[in-house]
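Written out below as structure tokens is the structure these notes cover.
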Amino acid sequence: VWRSRMIRRNKPTKKTKVEQRVSKLDSGSLLSWSEQSLYGIGKCLSSYQKNRSQDELDEALLASECLYVIMKELKARSMV
């Protein structure tokens with residue numbers, strides 16, 4: 001009995017806004033979004049190299065998080 005209390009079950013996590021949005025898009029749109037995310041990451045990093053703005057790093061981080069969610073969704077769809 002004590003052992004069952006120690007085992008934690010994985011609770012389903014709530015989807016983030018990006019995950020919700022990405023799950024509603026078709027694969028063609030996801031590919032377009034991924035290209036835009038890559039462009040945004042490159043643009044922000046290039047700008048950061050010039051002026052060392054924290055805002056540019058924040059934007060690059062946001063774009064990379066979006067790209068990660070998009071790639072997970074595309075991978076999940078390709079498995080089906």
Holding to side chain to side chain donor-acceptor pair (under 3.5 Å), I want the full list of residues that pass it with Ser27, two or more places apart in sequence or in another chain.
Arg77

Which ILVMFWY residues can you reach from Leu31 by hopping between side chains whose heavy atoms are under 4.5 Å apart?
Val18, Val22, Leu25, Leu30, Trp33, Leu38, Ile41, Leu45, Tyr48, Leu57, Leu67, Val69, Ile70, Met71, Leu74

Which residues share a side-chain contact (heavy atoms from CB on, under 4.5 Å) with Lys43, sequence neighbours left out
Tyr39

How would you list all residue pairs meeting salt bridge (charged side-chain N to carboxylate O under 4.0 Å, His left out) that involve residues 15-40, not counting sequence neighbours?
Glu19-Lys72

Show every side chain to side chain donor-acceptor pair (under 3.5 Å) that has at least one partner inside residues 57-69, sequence neighbours left out.
none

